> 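Attaching a single structure in structure tokens format; questions to follow.
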2 protein chains.
Amino acid sequence: MDSKKDIFRSVRGRDDFESVLYHLAETFRVLGDLTRVRILMALTGSEMRVRDLAEALDLTDSAVSHQLRILRNSRLVKFRKEGKNVVYSISDDHVATIFREGIEHVEGM
Amino acid sequence: MDSKKDIFRSVRGRDDFESVLYHLAETFRVLGDLTRVRILMALTGSEMRVRDLAEALDLTDSAVSHQLRILRNSRLVKFRKEGKNVVYSISDDHVATIFREGIEHVEGM
DNA sequence: CCCACTATTGAATAATTGTTCATATGAACG
DNA sequence: CGTTCATATGAACAATTATTCAATAGTGGG
């Protein structure tokens with residue numbers, strides 16, 4: 001059980017340390033695009049179909065689909081098929097927490 | 001006072017909503033680079049000079065300095081001058097929290 | 001079956017970005 | 001001062017990437 005202060009020390013000691021950092025950077029890189037942030041923010045409200053996202057965010061279906069694939073690959077969103085639709089949603093709580101902290105960080109800039 | 005679930009709704013309602021999302025994406029974009037992640041991770045251990053970072057991470061001084069400027073601009077690190085040295089450190093707790101959640105997200109990938 | 005609707009994919013293009021190298025600034029010190 | 005050490009900066013290059021457009025595939029209704 002790590003104290004909040006010690007988690008970094010324990011991570012630093014792992015033998016796959018650099019691999020963790022690589023995946024971490026990769027995850028942030030995926031989050032670091034306005035379109036993907038807008039998609040994720042929309043999904044914090046409720047799950048949505050590709051078409052709904054495209055319409056709500058004023059993007060082409062193609063652009064949304066491309067970005068959703070990237071978000072899927074980083075396990076930031078999950079999806080299920082429903083007839084001819086595909087419904088996407090935020091994959092887990094970490095994403096929401098990261099978003100919350102990120103918002104608090106940028107508040108007052 | 002927002003409940004954890006409502007923060008997104010309250011952010012979505014703000015008139016500078018898109019601006020918040022822009023800065024949020026910008027912050028993640030800055031975090032989304034392996035070199036910068038390595039620098040920040042090193043700084044979670046203790047504050048460091050530019051030279052120390054360069055040596056510890058096997059980078060040129062120039063590369064580190066360039067990246068530190070980017071991190072500074074996003075207020076992810078702060079610094080103070082000490083003679084001819086400049087000592088950098090993590091700017092606030094949000095950064096550490098975002099890192100922690102990010103690490104938990106990538107665990108098991 | 002066709003047709004409309006939804007989603008995905010691949011190629012091409014335009015734009016962004018991290019590193020290197022060379023140079024500049026500035027501080028301490030003999 | 002002149003030299004050394006630490007940091008910052010600017011330009012150039014290579015590499016990555018988001019979007020658009022065109023095409024493909026799968027679903028369900030009439």
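All values reported here derive from a predicted model rather than from experimental measurement. Computed from heavy atoms alone, side chains included, the values below leave out hydrogens, waters and symmetry copies. Below, chain A is the first sequence line, B the second, and so on; all start at residue 1.
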> Is any side-chain heavy atom of B:F28 closer than 4.5 Å to one of A:F99?
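SC-SC contact between A:F99 and B:F28 confirmed.
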> If I take atom CZ in residue B:F28 and atom P in nucleotide D:dT17, what distance separates them, rounded to the nearest angstrom?
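Rounded to whole Å, this separation is 18 Å.
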> Is there a donor-acceptor contact under 3.5 Å linking the side chains of B:T44 and A:R9?
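No.
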> Below 30° counts as parallel, above 60° as perpendicular, anything between as tilted: where do the rings of B:H105 and A:H94 land?
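Aromatic pair B:H105/A:H94 classed perpendicular.
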> State whether B:R49 places a side-chain N or O below 4.0 Å from either non-bridging phosphate oxygen (OP1 or OP2) of D:dC5.
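No, no such contact exists.
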> CG of B:N85 to CZ of B:R49: how many Å apart, nearest 0.5 Å?
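Rounded to the nearest 0.5 Å, the CG-CZ separation comes to 4.5 Å.
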> Evaluate the side-chain proximity of B:V20 to B:R14: yes if any heavy-atom separation is below 4.5 Å, no if none is.
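Contact flag for B:R14/B:V20 side chains = yes.
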> Counting the atoms with a prime plus P, OP1 and OP2 as sugar-phosphate, which does A:Y88 contact under 4.0 Å by heavy atoms, base, sugar-phosphate, or nothing?
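Sugar-phosphate contact only - A:Y88 comes under 4.0 Å of backbone atoms but never of a base.
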> Where each residue is assigned the nucleotide of DNA chain D containing its nearest heavy atom, which of A:G83 and A:T35 is assigned the position nearer the 5′ end?
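Result: A:T35.
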> Whole-Å distance between D:dA15 C1' and B:D33 CG?
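Interatomic distance, CG of B:D33 to C1' of D:dA15: 13 Å.
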> Would you kindly give the CZ-to-C1' distance between B:F79 and D:dA6, to the nearest whole Å?
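It is 14 Å, rounded to the nearest whole Å.
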> Using five pairs at each end of the helix from C:dC1-D:dG30 to C:dG30-D:dC1 to define an axis, what is the angle between those two axes, to 10°?
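End-to-end axis angle: 20°.
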> Rounded to whole angstroms, how far apart are NZ on B:K81 and P on C:dA27?
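These atoms are roughly 8 Å apart.
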> Is there a residue in residues 52-72 of chain A whose heavy atoms reach under 4.0 Å of DNA chain C, and which residues are they?
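Of all residues in residues 52-72 of chain A, the ones placing a heavy atom under 4.0 Å from DNA chain C are A:D61, A:S62, A:S65, A:H66, A:R69, A:R72.
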> Within less than 4.0 Å of OP1 or OP2 of D:dT16, is there a side-chain N or O belonging to A:R29?
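Indeed not, no polar side-chain atom of A:R29 lies that close.
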> Within the structure provided, determine whether A:L53 and A:L59 are in side-chain contact (heavy-atom separation under 4.5 Å).
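No, side chains not in contact.
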> Rounded to whole angstrom units, what separation is found between the CZ atom of B:R36 and the P atom of C:dT16?
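So the CZ-P distance, B:R36 to C:dT16, works out to 16 Å.
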> Do the side chains of A:I90 and A:L76 get nearer than 4.5 Å, heavy atoms only?
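A:L76 vs A:I90: side chains apart.
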> Mark yes or no: A:R72 above the aromatic ring of A:F79, with NZ or CZ under 6.0 Å from the six-membered ring centre and no more than 45 degrees from the axis.
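Geometry flag: set, cation within 6.0 Å and 45°.
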> Measure CG/B:N85 against P/D:dA8 and give the value in whole Å, please.
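Rounded to whole Å, this separation is 10 Å.
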> Rounded to the nearest Å, what distance is computed from the CD atom of residue A:E82 to the P atom of nucleotide C:dC5?
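It works out to 19 Å between those atoms.
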> Only one of A:L31, A:V64, A:I70 forms a side chain to side chain contact (heavy atoms under 4.5 Å, CB included) with A:R36, so which one is it?
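Going through A:L31, A:V64, A:I70 one by one, the side chain to side chain contact (heavy atoms under 4.5 Å, CB included) with A:R36 is satisfied by A:I70 alone.
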> As a test of reading the structure: which of C:dT8, D:dA6, C:dA7 is closest to the side chain of A:R51, going by heavy atoms?
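The closest nucleotide is C:dA7.
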> Side chain of B:K84 only, heavy atoms from C-beta on: which candidate in C:dA7, D:dT7, C:dG26 is closest?
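My answer, after comparing the listed nucleotides, is C:dG26.
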